2 protein chains.
Amino acid sequence: MATPLSLVAEPRRREILQLIWRQERAAGEIASLLPVTFGAVSQHLRLLREAGLVSMRRDGQRHFYVARPEQFGPLVHVLEAMWVTGLDELKSLAEAEERASARAGRATVRRSSGRKKGHP
Amino acid sequence: MATPLSLVAEPRRREILQLIWRQERAAGEIASLLPVTFGAVSQHLRLLREAGLVSMRRDGQRHFYVARPEQFGPLVHVLEAMWVTGLDELKSLAEAEERASARAGRATVRRSSGRKKGHP
DNA sequence: TTTATATTTTAGTCATCACTAAAATATAAT
DNA sequence: ATTATATTTTAGTGATGACTAAAATATAAA
């Protein structure tokens, strides 16, 4: 079975995940928002579901999908970083990470007895 | 050009990265540690270098490679999580992430004892 | 039941890619 | 210069995988 990492590495699947990250959507709606066939989307959803990365709820003839962020481990941060920066190609994702670390560092230091654990 | 995410999704490249994560190694040494041809390794190194994920230093006839962790962004945590758990297939990587978040949450709420996430 | 709607599944095509073997390039040693 | 060592590059192969079109399945509406 495919690993979460390999599944997420595929751009089309990232698009799908973004569409159902916090919002439940029917398979047909997902497909209607993407420049590919219904069948293609269905195949992607199958893989994601088999890996436990999304869950499905059936209502009548419709199948509603939604992501399960807690199943992504550290990959959550990779995806969300890509999405907030807008550019999927994570151009300056390294810098974003840098800034995040700096923020976390300051927060930790400030809350903890004001000792400063210097970072470069 | 390939994205860091797609490059890292390939198991063989993760093996290579693990070998040169903090330790510089000659191309030949890397190849000698893996069950593939010298040529195959060289091709992987080329892709990684083109993406800026590894750097190369030439010394005589040898080419020494080393990873550039700061270029991986949030992917660093994905890789290191895979490596500490031992299993590359990130079986229970989600739980690890869960625990990490819990720790971070507690650390933020109480006084953190100066222990910062990341490693020594 | 018949028809429409929503989704999955199957078969086949095409591109990508990891790999091997061999040729090419480059530096060092004799 | 020749030989050995270290690495890259090229050409070709096989497997994987994303996609389309069409067939199959399932539920709802007429």
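In what follows, every chain begins at residue 1, and chains take the letters A, B, ... in the order their sequences are listed. A quick note: this is a predicted structure, and the numbers were derived from the prediction, not measured. Excluded from the calculations below are hydrogen atoms, water molecules and symmetry mates; all remaining heavy atoms, backbone and side chain alike, are included.
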>> Keeping Arg14(A) on the side-chain end and Val8(A) on the backbone end, is there a donor-acceptor pair under 3.5 Å?
In response: yes

> Would you call Glu80(A) and Arg22(A) a salt bridge, using N to O less than 4.0 angstrom?
Replying inline: yes

> Starting at CG of Leu34(A) and ending at P of dT7(C), how long is that distance when rounded to a whole Å?
Replying inline: 14 Å

>> Quick check for you: among dA6(D), dA18(D), dT5(C), whose closest atom lies nearest to any side-chain atom of Gln61(A)?
In response: dT5(C)

> Do any side-chain nitrogens or oxygens of Arg46(A) fall under 4.0 Å of OP1 or OP2 in dT8(C)?
Replying inline: no

> What is the distance, rounded to the nearest whole Å, between atom CZ of Arg12(B) and atom P of dA15(D)?
Replying inline: 16 Å

>> Rounded to whole Å, how long is the line connecting atom CD of Glu29(B) with atom P of dT5(D)?
In response: 18 Å

> Using a cut-off of 4.0 Å on non-hydrogen atoms, how would the nucleic acid contact of Ala26(A) be classed: base, sugar-phosphate, or nothing?
Replying inline: sugar-phosphate

> Only one of Leu45(B), Leu53(B), Leu47(B), Val54(B) forms a side-chain contact (heavy atoms from CB on, under 4.5 Å) with Arg13(B), so which one is it?
Replying inline: Leu47(B)

> Considering only side-chain heavy atoms of Arg62(B), which listed nucleotide, dT7(D), dC19(C), dT7(C), is closest?
Replying inline: dT7(D)

> With sugar-phosphate meaning primed atoms plus P, OP1 and OP2, does Gly39(B) contact a base, only sugar-phosphate, or nothing at under 4.0 Å between heavy atoms?
Replying inline: base

>> For dT20(D) and Thr37(A) - does any side-chain N or O of the residue sit under 4.0 Å from the phosphate oxygens OP1/OP2?
In response: yes

> Are Met82(B) and Leu34(B) connected, step by step, through hydrophobic side chains (Ile, Leu, Val, Met, Phe, Trp, Tyr) whose heavy atoms are closer than 4.5 Å?
Replying inline: yes

> For DNA chain C, whose closest nucleotide is more 5', that of Arg58(B) or that of Ala2(B)?
Replying inline: Ala2(B)

>> Rounded to whole Å, how long is the line connecting atom CG of Asp59(B) with atom C1' of dT7(D)?
In response: 14 Å

>> Using a 4.0 Å heavy-atom cut-off, does Tyr65(A) contact any base of the nucleic acid, only the sugar-phosphate backbone, or nothing at all?
In response: sugar-phosphate

> Looking for any heavy atom pair under 4.0 Å, which part of the strands does Arg49(B) touch: base, sugar-phosphate only, or nothing?
Replying inline: nothing

> For His44(A) and dG17(D), is the shortest distance between a side-chain N/O and OP1 or OP2 below 4.0 Å?
Replying inline: no

> Quick one: Leu5(A) CG to dG17(D) C1', roughly how many Å, whole number?
Replying inline: 16 Å

> Could Arg68(A) and Glu70(A) be called an ion pair, given the rule that one side-chain N must be under 4.0 Å from one carboxylate O?
Replying inline: yes

>> On DNA chain D, does the nearest nucleotide to Val41(B) precede the nearest nucleotide to Pro35(A) from the 5' side, or the other way round? Give the residue.
In response: Val41(B)

>> Can you measure Met56(A) atom CE to dA6(C) atom P for me and round it to whole angstrom units?
In response: 16 Å

> In whole Å, what is the span from the CD atom of Glu10(A) to the P atom of dT16(C)?
Replying inline: 12 Å

> How many Å lie between CG on Leu45(A) and P on dA6(C), as a whole number?
Replying inline: 16 Å

>> Counting the atoms with a prime plus P, OP1 and OP2 as sugar-phosphate, which does Ala27(A) contact under 4.0 Å by heavy atoms, base, sugar-phosphate, or nothing?
In response: sugar-phosphate

>> Given dA26(C), dT8(C), dT8(D), identify the nucleotide with an atom nearest to the side chain of His63(A).
In response: dT8(C)

>> Does Arg57(A) have more than 12 heavy atoms from other residues, nucleotides or ligands lying within 6.0 Å of its CZ?
In response: yes

> Which one, dA18(D), dT20(D), dA11(D), comes nearest to the side chain of Gln43(B)?
Replying inline: dA11(D)

>> By nearest atom, which of the nucleotides dT8(D), dC19(D), dC19(C) is closest to the Phe38(B) side chain?
In response: dT8(D)

